[in-house]
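To start, the structure under review is shown below, and the notes come after it.
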Amino acid sequence: MNYVKAYVVDNIHVYRDVYHLILRTEIERLLPGHFIMIWIPEVEEVPMAPSLYRDGIMRITYKVVGETTGYMSRLDRGEKIYIRGPLGKPYKLNGYGRYLLIGGGVGVAPLIYSAHILSERGVEFTYVEGVPNSNYEMFIDEAISLGGEALLYTEDGSKGVKGYPTEYLKTNYRYYDYILACGPDEFNRAVYRLCREYGLNCQISFERIVKCGVGVCGSCVLEGTGLLVCLDGPVFNISTLYEYGYSP
Amino acid sequence: MSGVSLEIELSGIKLRNPFILASGFIDDDPSLLSRAWKAGFGALTTKSLTPKPREGYKPPIIAFTKAGYLNAVGLSNPGVDSLPRLLSKLPRESKVIVSIAGSTVDDFRYGAEKSNLDNVDIIELNLSCPHVKSMGMDIIHDISYSLDIIDAVVSTSDKPVYIKLGLTDTYLSLVSKALDKGVSGFTIMNTIKALAIDTASLKPILSNVYGGLSGPAIHPIAVRMVYEVYREYQVPIIGVGGVMDWEDVVEFIAAGASAVGVGSYLFLKPVESVKDLINDLMKFLEDNGYGNVVDLRGVAHKK
């Protein structure tokens, strides 16, 4: 699996330490939930799940957390980086039913990409985003523009509903056929527990340190399960998680 | 299934089949080892464990080439003290080979002491990692240093000790001397130091620049070494290197290997895919009139 060139079209500052890196590239069909490895020679290679990919334009929504993402934030238009992928298992999206897309932080990236696909297929969806406060709002407007219902939850109540998006799941799960989730571990664990309890069809995407990306180094193991985020995931149906002994 | 037996023995240890998870592959977490055992392996090798935990190199740690794969993981491991935890999810009947690495005689002695656990069956000394300075090929190129390490480990441990060989010109001489020191068997072979340059960026791909080449490219070299060691000494051998299908497995065993390590085969495949190798070997034995896999061992040497 060789690297493919990706040219920086734009590097948009969203808020604080979050950016959209817009890349022009040509890789195989990349679906919501798939991830790629972004390689910056002499810096590092890091995994990213794009928040959109179409017509050769890829959007990577990322948070600056270390050296490599810091380097990414300083990339200028026209600069070149290298990517390999798509890797992993994406969300399985149907052309029917009602979807709830629920997530938090920059983890919502593959969810908004899912919203684009569902919108194209004419599938009804609700997009629920959880953030610390109104400054962190990410894709609410985009979800609305795609024809979906969109709700913002803020921890401090500065905008939208005060609280966590799992509150929405608790009170509204009956309206949905499919749940797509993606967020920090604590959030994912809560979603797993609730969806098991309610018997919902739910797919959750997990984030781990991916090093090889091809299922051999073991760095991305989902603790206690023997499941590899890079090969068996990053998107798991909760029935698979249960089968492998995931115990949140 | 048929009446063909895949059972083998390695230094008195019974394995349900000759397939061994090679060191360095999904083997540094209790749940991964447990899953690999359930997948059907005859034995599991741990990641090479050092006295202290090691971070390893930054990604990229893997590169793909036409003839195989390069890796430079950097001997990342949770440290040999974590061994009881690492093996905690394995059932009693599982078979475990602990791989030990280090940069001094004392490192290896410490590793051997810590491997003296009931559920450890064999100790494998990784004297041949090609991409970490002072912890690999520089050891095996120095035969007297290698023998000091072997002495220290054999005198510390009651477990059978295997040496993981790398490609050197002098490996047969090391094998002979190691056997005199009480070594029980050999794992043949480690990856070979190599380099891959990406043609898009024109840079070395691996963060460490150099890595160890595995996969189809090294298989015939490994078969040669297995063949030569078996021809001279008829000792237990685990053939590792570029096993990608049943033909590679059959070659190793016919060359003299008692067991076969599986590593690069698992790239982009779930660990359960070892079942295909197991079934294919079974079919080969059936189709060719072998009642058990042991009878295939070393047949390439028969006149």
Side-chain angles (χ1 to χ4, degrees), chain A residues 1-7 25-27 37-48 66-68 71 79-89 208-233 240-241 243-247, chain B residues 21-22 24-39 46-47 55-66 69-74 76-78 86 88-89 196-207 209 214 262-273:
Chain A
M1 189 189 320
N2 292 319
Y3 291 94
V4 171
K5 287 177 191 166
Y7 295 90
T25 186
E26 283 171 19
I27 64 166
M37 297 298 285
I38 293 190
W39 177 40
I40 303 169
E42 289 159 278
V43 181
E44 200 182 2
E45 186 182 48
V46 291
M48 290 281 167
E67 188 195 349
T68 308
Y71 188 97
E79 282 193 69
K80 225 177 0 181
I81 57 173
Y82 303 88
I83 62 179
R84 65 177 163 111
L87 295 165
K89 300 219 169 27
R208 284 293 178 279
I209 295 169
V210 171
K211 287 186 174 174
C212 77
V214 291
V216 297
C217 80
S219 73
C220 66
V221 63
L222 201 59
E223 301 75 9
T225 64
L227 291 166
L228 295 166
V229 166
C230 78
L231 187 71
D232 304 306
T240 306
L241 294 172
E243 185 191 331
Y244 281 82
Y246 180 68
S247 53
Chain B
L21 180 69
F25 290 84
I26 47 168
D27 52 5
D28 62 352
D29 177 88
S31 64
L32 289 172
L33 286 168
S34 155
R35 182 174 168 187
W37 178 254
K38 282 185 201 145
T46 65
K47 210 156 241 192
E55 268 289 322
Y57 301 135
K58 273 190 196 177
I61 57 169
I62 297 274
F64 300 82
T65 74
K66 292 188 188 78
Y69 312 97
L70 269 68
N71 84 78
V73 175
S76 67
N77 76 87
L86 209 50
S88 61
K89 284 196 157 192
I197 291 169
D198 171 56
T199 53
S201 62
L202 300 173
K203 300 276 188 207
I205 294 172
L206 300 171
S207 69
V209 182
S214 66
V262 177
S264 294
Y265 173 78
L266 296 171
F267 276 80
L268 287 167
K269 287 199 196 99
V271 68
E272 286 74 21
S273 57

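Below, read A as the first sequence line, B as the second, and so on, with proteins coming before strands; counting in each chain starts at 1.
- Residue A:I209 does not touch chain B at all, counting heavy-atom pairs closer than 4.5 Å.
- Across A:E45, A:K80, A:K211, A:E223, the residue that shares the most heavy-atom pairs under 4.5 angstrom with chain B is A:E45.
- By the 30° and 60° cut-offs, the orientation of the rings of B:F267 relative to B:F64 is perpendicular.
- Stacking of A:K5 on the aromatic ring of A:Y7 is not recorded, the 6.0 Å distance cut-off and the 45° axial limit not both being met.
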Problem set entry | Working for side-chain contact (heavy atoms from CB on, under 4.5 Å), residues A:D232 and B:R35 | CA-CA 13 Å; A:D232 304 306; B:R35 182 174 168 187; 2.8 Å; yes
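- For B:S34, no part sits under 4.5 Å from any heavy atom of chain A, backbone or side chain.
- A:Y244 OH: more than 12 foreign heavy atoms inside a 6.0 Å radius.
- Of all non-hydrogen atoms in B:S76 and B:K47, the two that sit nearest each other are O-CD, 3.2 Å.
- Taking a 6.0 Å sphere around NZ of B:K38, one finds it holds 12 or fewer heavy atoms contributed by other residues, nucleotides or ligands.
- Between chain A and the options B:D29, B:V73, B:I62, B:D198, heavy-atom pairs under 4.5 Å are most frequent for B:D198.
- Both the backbone and the side chain of A:V216 have a heavy atom closer than 4.5 Å to some heavy atom of chain B.
- Both the backbone and the side chain of A:L227 come within less than 4.5 Å of a heavy atom in chain B.
- Heavy-atom distances place the backbone of A:V43, and not its side chain, under 4.5 Å from chain B.
- Proximity to chain A is absent for every atom of B:P30, based on heavy atoms less than 4.5 angstrom apart.
- Of the two parts of B:L33, neither the backbone nor the side chain holds a non-hydrogen atom closer than 4.5 Å to a non-hydrogen atom of chain A.
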Exercise. What do the steps show when you test A:Y3 against B:K203 for side-chain contact (heavy atoms from CB on, under 4.5 Å), and what is the final call?
Worked result: CA-CA 11 Å; A:Y3 291 94; B:K203 300 276 188 207; over 6 Å; no
